[in-house]
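Written out below as structure tokens is the structure these notes cover.
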Amino acid sequence: MRVGIDALALAVPPLALELRTLAEARGVPPAKFVDGIGVERMAIAPLDEDTVTLAARAGAAALAQAGISASEIGYLVVGTETAVDHSKPVASYVQGLLGIGAACRVYETKHACFGATAGVLGALEWIRAGGGKRPRIALVIAADIARYGLQTPGEPTQGGAGVALILREDPRLVEIDATIGHYASDVHDFWRPLPSKDALVDGAFSVECYLNAVTGAYRNFQEEREETERFSVLALDRLVYHVPYGKMAIKAHRQLLAEEGLDAAAADATFAEKVGPSLTLPRRIGNSYTGSLYAALGSLLATDPAPLDGARLGLFSYGSGSAAAFFTGTVVAGAQKRVAGLGDALERQRILAIDEYEALFHARNDLDTRPYAAPEGPATSPRYLGVDGGKRRYG
Ligand code: HMG
């Protein structure tokens, strides 16, 4: 059975901060953030945007791209690490906002940035299992607003986005292979204690944990394969990594290719062709946590100048804490045209001044208790309107 990604849509906040602006304000050479970290801009959410609105906007766009109705979805998962409620899942809000029917498995997954991949792998297994009277079609959404404290080393690695995937049989974007390499380890590299809005991170250790996971997941992938001949990552046409910031993809690529005996210089020689296009959109979004790998995949399909029909892909998902997966897929003919406009919303973002960014950062601290205010005009897409009688309201 051929299963995989049939549609991929992106929702980005309408605001952004240039990393050069942040660097100047923090007294850091701009080259450190733009080249050393590898990010140009980070998407910033306004006060009527939260994880629910990002997820719903991306989900609506994915349904439209696939040309299917909400009632056809039998499995709805939202992967997030910036949920809005300890109990009620973001997926339930999305179900309501998109009008997805009652005959649907609806839930939220959490494992730092790995959460959406956990949902994707579960949905693919559900599709492969088959059965039932209607086609098995899943909507898996990754949505997050990445946030670290002001003036911390993590500050230039914020961002946010929703990325929605329609998964089904006979997909029109990327066919995903059945073999999955896993790696998981109980580490304290990045976490967010319950009362905190900001992530805490042991930055250098988090990079080390990520790289250990690249090796671990790839080796497990080799072990899990049923074919007898050895698989070589060098045979893959493109590699797509979890991208907390652009430089991390370079480190990941070196780590992976070291498994094939290539040194850093040899790995770097393949980077621009095999990885470069997957970073075009993430460099302008920043870290989108659960959405990062799938934003990178969308970036590859939407911006790679080479024809990718039939291209073999390797995908690596990492979530701190930690859990990771390495898996492979094949680009379906015509996929690039289907997602050609994926990054268009980034062109329309309003660029913030540093004081506007800092004011928004502080104002978000009170977002979960902000009193409900009726919308001023008709909403063209889901917006967060505040809390009414203890319940979050959207319009
Ligand atoms: P830092 O203290 O700014 O790091 O923190 P640095 O001083 O090592 O500088 C970073 C790079 O800039 C270095 O390059 C410098 O050489 C270079 P590298 O050695 O790495 O190749 N540099 C310059 N380059 C050009 N011109 C200059 C210049 N100066 C220095 N003038 C760090 C960086 C990423 C650690 C920090 O931003 C951080 O803590 N970020 C958050 C954690 C993170 O993103 N970790 C990634 C791995 S874990 C992960 O991916 C999971 C995650 O997504 C969460 C989840 O799963 O939910 C985070």
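First listed ligand is number 1; within each ligand, the first listed atom is number 1. All values below were derived from every heavy atom in this structure, side-chain atoms included, with hydrogens, water molecules and symmetry-related copies excluded.
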Can you sort out which atoms of ligand 1 are near Val201, meaning under 4.0 Å from one of its heavy atoms?
39 (O), 42 (C)
Protein heavy atom at shortest distance from atom 51 (C) of ligand 1
Ser320 OG, 3.2 Å
May I ask you to identify the nearest protein heavy atom to atom 39 (O) of ligand 1, giving residue, atom name and distance to one decimal place in Å?
Gly203 CA, 3.5 Å
Flag the pair Asp177 and Arg312 as a salt bridge only when some basic side-chain nitrogen lies within less than 4.0 angstrom of an acidic carboxylate oxygen.
yes
Short version for Tyr245: what comes under 4.0 Å of ligand 1, heavy atoms counted, is side chain
If we count only N and O atoms by modelled type, under 3.5 Å, do the side chains of Tyr218 and Glu223 hold a donor and an acceptor together?
no
Does the protein put a heavy atom under 4.0 Å from atom 56 (O) of ligand 1?
yes
Give me the nearest non-hydrogen protein atom to atom 12 (O) of ligand 1 as residue plus atom name, then the distance to 0.1 Å.
Gly36 CA, 3.2 Å
When you look for heavy atoms under 4.0 Å from ligand 1, do you find them on the side chain of Ile250, its backbone, both, or neither?
neither
What is the closest protein heavy atom to atom 52 (C) of ligand 1, and at what distance does it sit?
Cys113 SG, 3.6 Å
Thinking salt bridges, do Glu259 and Arg219 make one under a 4.0 Å N-O criterion?
yes
Identified side chain to side chain contact (heavy atoms under 4.5 Å, CB included) counterpart of Val187 within the set Ser206, Cys209, Ser320
Cys209
Within ligand 1, which atoms have a heavy atom of Ala112 less than 4.0 Å away?
55 (C), 56 (O), 57 (O)
Determine whether any heavy atom of Lys251 lies closer than 4.0 Å to an atom of ligand 1.
yes
Run the numbers for me: atoms of ligand 1, each under 4.0 Å from some heavy atom of Gly154, listed by number.
37 (O), 38 (C), 40 (N)
Could you check atom 37 (O) of ligand 1 against the protein and tell me its nearest heavy-atom contact, residue, atom and distance included?
Pro153 O, 2.7 Å
Tyr148: heavy atom below 4.0 Å from ligand 1, yes or no?
yes
Starting from atom 25 (C) of ligand 1, locate the nearest protein heavy atom and write down its residue, its atom name and how far away it is, to 0.1 Å.
Ala31 O, 3.4 Å
Which residue owns the protein heavy atom closest to atom 4 (O) of ligand 1, what's the atom, and how far is it?
Lys32 NZ, 4.1 Å
Do the side chains of Glu358 and Arg26 get close enough for a salt bridge, i.e. N-O under 4.0 angstrom?
yes
Quick check: are there more than 12 heavy atoms from other residues, nucleotides or ligands sitting under 6.0 Å from CZ of Arg2?
yes
Parallel, tilted or perpendicular: which fits the ring planes of Tyr75 and Trp126, with parallel below 30° and perpendicular above 60°?
tilted
Output yes when a protein non-hydrogen atom is found under 4.0 Å of atom 41 (C) of ligand 1, and no otherwise.
yes
Counting only heavy atoms on the protein side, is anything nearer than 4.0 Å to atom 48 (S) of ligand 1?
yes
Quick one: does NZ or CZ of Lys88 land under 6.0 Å from the six-membered ring centre of Tyr93, within 45 degrees of the ring axis?
yes
For ligand 1, which atoms sit closer than 4.0 Å to a heavy atom of Gly319?
56 (O)
Taking the six-membered ring of Tyr384, is NZ or CZ of Arg392 closer than 6.0 Å to its centre and within 45° of its axis?
yes
Quick test of your reading of the model: are Lys197 and Asp368 salt-bridged, counting only N-O distances below 4.0 Å?
yes
With a cut-off of 4.0 Å, which atoms of ligand 1 are near a heavy atom of Glu81?
55 (C), 57 (O)
Which residue and heavy atom of the protein sit nearest atom 45 (N) of ligand 1, plus the separation
Ser206 OG, 2.8 Å
Nearest option to atom 33 (C) of ligand 1, as decided by whichever heavy atom of Asp35, Val28, Val207, Ile37 sits closest:
Ile37
Going through the distances and angles, do His111 and Thr117 end up as a side chain to side chain donor-acceptor pair (under 3.5 Å)?
CA-CA 9 Å; His111 191 137; Thr117 297; over 6 Å; no
Using the six-membered ring of Phe361, assess whether NZ or CZ of Arg147 lies under 6.0 Å from its centre and within 45 degrees of the ring axis.
yes
Where's the contact between Lys247 and ligand 1, heavy-atom distance under 4.0 Å: side chain, backbone, both or neither?
side chain
Do Asp144 and Ser288 pair up side chain to side chain, a donor and an acceptor below 3.5 Å, judged on atom types alone?
no
Answer yes if a protein heavy atom lies under 4.0 Å from atom 15 (C) of ligand 1, otherwise answer no.
no
